[in-house]
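Model, not experiment: these values are computed from the prediction. Proteins get letters first, then strands, A, B, ... in listed order; numbering begins at 1 in each.
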Amino acid sequence: DAKTTQPPSMDCAEGRAANLPCNHSTISGNEYVYWYRQIHSQGPQYIIHGLKNNETNEMASLIITEDRKSSTLILPHATLRDTAVYYCIVRVAGGYSTLTFGKGTMLLVSP
Amino acid sequence: NAGVTQTPKFQVLKTGQSMTLQCAQDMNHNSMYWYRQDPGMGLRLIYYSASEGTTDKGEVPNGYNVSRLNKREFSLRLESAAPSQTSVYFCASTLGAANNEQFFGPGTRLTVL
């Protein structure tokens, strides 16, 4: 699986959009971009995934650049409960593969 | 649905002691996983079971054994605990091998003295 690079930490004001970047310049054509988050002391939680088109669900939006070398996770209206470590993961979909977690980005949402 | 449950939540062992961490899921998932997370680090895969009756090594399997008891349960055993195994252990499951979303349990915090 391709390696990802994320900033170690970011800050965001409550109610504002949080934009979390991820670099995956060595991504292959059959690899998806996944995002998980881990709130302190809890197990990770799936957020969203995508291949090349932008995706949106009830939690977040995922914007993938046209060359697929980077992506941005957007939390449109961050709340204090969104404070967590966010992991960007690249993996092959279809067939069997496991998740490889890096260190992620610690997002701190402040009042 | 309880989702993925893990027992115990906390455990303190002495070096050389053995113990089994239990994991169960009630979502009828086929695949189950064991991860460990050390302070300030991401999760690392220890073992996984793609389906009932099969188990495979992950990134850091040394010092551990697993048993897929049935479709619901996947246990992790430390035969002779070492201080290097002090960590938080997470169990997870997915519906199928290619499924998008892994569901995680709340974790077991293990300290080996």
Original post:
Which pair of heavy atoms, one from B:L43 and one from A:Y87, lies closest together, and at what distance?
Top reply: CD1-OH, 4.4 Å
Original post:
Hey, is CZ on A:R16 packed in by over 12 heavy atoms from elsewhere, all under 6.0 Å?
Top reply: no
**OP:** May I ask whether B:V88 and A:F101 are part of the same hydrophobic cluster, defined by side-chain heavy atoms of I, L, V, M, F, W, Y residues being less than 4.5 angstrom apart, directly or through others?
**Re:** yes
Original post:
Are A:L80 and A:L73 connected in a single hydrophobic cluster, I mean Ile/Leu/Val/Met/Phe/Trp/Tyr linked by side-chain heavy atoms less than 4.5 Å apart?
Top reply: yes
**OP:** Look at atom NZ of A:K52 and say whether more than 12 heavy atoms of other residues, nucleotides or ligands are closer to it than 6.0 Å.
**Re:** no
**OP:** Go through the atoms of B:R44 and report whether side chain, backbone, both or neither lie under 4.5 Å from a heavy atom of chain A.
**Re:** neither
Original post:
Of the backbone (N, CA, C, O) and the side chain (C-beta and beyond), which part of B:E59 lies under 4.5 Å from a heavy atom of chain A, both, or neither?
Top reply: neither
Original post:
Out of curiosity, B:Q37 CD to A:Q38 CD, how far, rounded to the nearest 0.5 Å?
Top reply: 4.0 Å
Original post:
Can you name the closest pair of heavy atoms from B:Q102 and A:Y46 and give their distance?
Top reply: O-CB, 4.4 Å
**OP:** Spell out, yes or no, whether A:Y32 and A:I63 are grouped together once hydrophobic residues are joined by side-chain heavy atoms under 4.5 Å, including indirect joins.
**Re:** no
